[in-house]
Amino acid sequence: MTDLPRIDTVGLSGIIVSFAEAMSEPANRAALAFRAAVEAEAWPEVSETMMSLVSVFLAVDLVGTPAAAIEERLRALLITQDWYAAPLPKGRTLWHVPTVYGTDLAPQLEEAADVAGLDPDEAIRQLSAARVRVLTLGFAPGQPYLGELAEVWNIPRQQDLTKSVPSGALVAAIRQLIIFTAPTPTGWRHVGQTAFRNFQLNAAQPFALSPGDELTFPSIKRAEYDRILSSETPHGGAEREAIA
């Protein structure tokens, strides 16, 4: 088996540092912490950093910069600590996102609960009490992958696609949640509905969420959801606080 973490070049566009072959909390923690450390180094050759669930990409022009020089710096940084147990970066935010579970707004809550072996009330209790982390943003602009939920929520994707779920839909599969930023087809089950919009095209900071932020999804009634929609409150009524 290939040793991890692993450093690879990506064509001539950059270098990727991988901490695992599949998603795990320690590997995601390592990617978050290592990306923050790379950015703190402020290497002039690195124009941008990005991360997946378990890896960090450094955008480097490998035509003008020898890959070996950057790889040497990365190896030196990797041995400075156990990145899988590293503290999470500072400056993160905890968001409380009001969520309607079930009803006609989120019609697959009962189906997801049944697959998880829970009754709907217990499913709502668990989902509304869970505190999850933004593991990465991807697939669509500002789309957050959130996790990990308890093992009972390691439910598979559907075999068929739902043709479309609306913006703000909270969907579940494989111990993760997603809040969709736009109407989207999906194989994940639609368990909750929020008014949260992570992507605001014309905002000074288009994405409200950053990898490493944390979220809870407290349960609200349909009437409260309708009030939030009609009042156009910032971030769909979500409250936020700094994580110490």
Side-chain angles (χ1 to χ4, degrees), residues 1-96 130-139 142-151 153-154 174-178 198 205 207-216 240-244:
M1 180 178 292
T2 304
D3 290 339
L4 292 164
R6 186 179 67 244
I7 301 173
D8 297 295
T9 56
V10 182
L12 296 174
S13 62
I15 296 174
I16 190 167
V17 182
S18 303
F19 291 92
E21 302 292 350
M23 170 61 200
S24 71
E25 194 284 331
N28 181 257
R29 173 181 292 268
L32 283 165
F34 191 74
R35 181 191 186 193
V38 169
E39 292 193 338
E41 293 290 327
W43 296 331
E45 300 89 346
V46 179
S47 60
E48 184 180 9
T49 67
M50 292 169 274
M51 63 172 288
S52 72
L53 293 173
V54 296
S55 63
V56 179
F57 175 75
L58 289 70
V60 181
D61 179 4
L62 296 181
V63 174
T65 301
I70 302 298
E71 291 174 6
E72 183 177 356
R73 292 185 219 170
L74 289 170
R75 282 191 289 269
L77 188 57
L78 282 168
I79 64 175
T80 60
Q81 66 170 301
D82 178 1
W83 294 99
Y84 298 94
L88 292 169
K90 297 183 183 297
R92 298 177 301 123
T93 301
L94 171 62
W95 295 81
H96 304 281
R131 179 165 165 169
V132 292
R133 188 164 76 217
V134 180
L135 303 171
T136 191
L137 303 176
F139 182 74
Q143 179 173 299
Y145 288 79
L146 312 169
E148 286 184 296
L149 295 170
E151 179 62 32
W153 287 99
N154 192 14
I174 55 173
R175 296 185 65 187
Q176 294 177 38
L177 298 167
I178 292 173
N198 188 44
Q205 183 174 337
F207 301 153
L209 300 175
S210 298
D213 284 351
E214 298 182 15
L215 296 91
T216 67
R240 54 183 170 174
E241 57 185 286
I243 297 176

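We use all heavy atoms of the structure for the numbers below, so side chains are in, but hydrogens, waters and symmetry mates are not. Keep in mind it's a predicted model, so treat the numbers as computed, not measured.
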Q) For the atom pair CD1 (Ile70) and CG (Leu62), what is the distance rounded to the nearest 0.5 Å? A) 8.0 Å
Q: To the nearest 0.5 angstrom, please state how far the CG atom of Leu53 sits from the OG atom of Ser18.
A: 11.5 Å
(Q) Run the side-chain contact (heavy atoms from CB on, under 4.5 Å) test on Leu32 and Phe19 for me, step by step, so that the C-alpha distance in whole Å, both residues' side-chain angles and the decisive distance to 0.1 Å come before the verdict. (A) CA-CA 11 Å; Leu32 283 165; Phe19 291 92; over 6 Å; no
(Q) Using a 6.0 Å cut-off, check whether atom CD of Gln81 has over 12 heavy atoms from anything other than its own residue. (A) yes
Q: Working to the nearest 0.5 Å, report the span between CD of Glu148 and CD of Gln176.
A: 6.5 Å
Q | Atom of Ser52, atom of Ser55 and distance for their closest heavy-atom approach | A | OG-OG, 2.5 Å
Q | Side chain to side chain, Arg175 and Met23, heavy atoms closer than 4.5 Å | A | no
Q) Which residue pairs satisfy the ring pair (Phe, Tyr, Trp, His ring centres under 6.0 Å) criterion with at least one member in residues 35-57, sequence neighbours excluded? A) none
Q. At their closest point, which heavy atom of Asn28 faces which heavy atom of Val54, and how far apart are they?
A. N-CG1, 4.4 Å
Q.
For the backbone of Phe207 and the side chain of Asn198, can you confirm whether one donor and one acceptor N or O come within less than 3.5 Å of each other?
A. no
Q. Leu4 and Ala20: which non-hydrogen atoms are nearest, and at how many Å?
A. CD1-CA, 3.7 Å
**Q.** Atom pair CD1 (Ile7) and CZ (Arg75), whose distance is rounded to the nearest 0.5 Å
**A.** 5.5 Å
**Q.** Basic-acidic side-chain contact under 4.0 Å: Arg6, Glu21
**A.** yes
Q.
Check whether Arg133 reaches the backbone of Gly147 with its side chain - one donor and one acceptor, N or O, closer than 3.5 Å.
A. no
Q) Which salt bridge (Lys or Arg N to Asp or Glu O under 4.0 Å) pairs, counting each pair once, include a residue from residues 44-67, with sequence neighbours left out? A) Glu45-Arg73
(Q) Leu58 vs Leu74, test: side-chain contact (heavy atoms from CB on, under 4.5 Å). Steps then yes/no. (A) CA-CA 10 Å; Leu58 289 70; Leu74 289 170; 3.8 Å; yes
Q) Where the side chain of Tyr145 meets the backbone of Phe139, is there a donor-acceptor pair that is under 3.5 Å apart? A) no
Q | Least distance between heavy atoms, Arg35 atom then Pro211 atom | A | NH1-CG, 4.0 Å
Q | Worked verdict on Leu146 versus Ile178 for side-chain contact (heavy atoms from CB on, under 4.5 Å) | A | CA-CA 6 Å; Leu146 312 169; Ile178 292 173; over 6 Å; no
Q.
Any side-chain to backbone donor/acceptor pair from Asp8 onto Ile16? Under 3.5 Å, distance only.
A. no
Q. Going from CG on Leu12 to OG1 on Thr65, what distance comes out if it is rounded to the nearest 0.5 angstrom?
A. 11.0 Å
Q) Do the side chains of Leu209 and Leu215 get nearer than 4.5 Å, heavy atoms only? A) yes
Q) Who pairs with Glu214 by salt bridge (Lys or Arg N to Asp or Glu O under 4.0 Å), at least two apart in sequence or on another chain? A) Arg92, Arg131
Q.
Restricting to non-hydrogen atoms, name the atom on Leu137 and the atom on Gly142 that form the minimum distance, rounded to 0.1 Å.
A. CD2-O, 4.0 Å
Q | Non-hydrogen atoms of Leu94 and Ile243 that approach each other most closely | A | N-CG1, 3.6 Å
Q) Got a donor-acceptor contact below 3.5 angstrom from the Trp83 side chain to the Ala33 backbone? A) no
Q. Within the side chain of Thr136, is there an N or O that forms a donor-acceptor pair under 3.5 Å with the backbone of Met51?
A. yes
**Q.** Spacing of Leu77 atom CG and Phe34 atom CZ [to the nearest 0.5 Å]
**A.** 4.5 Å
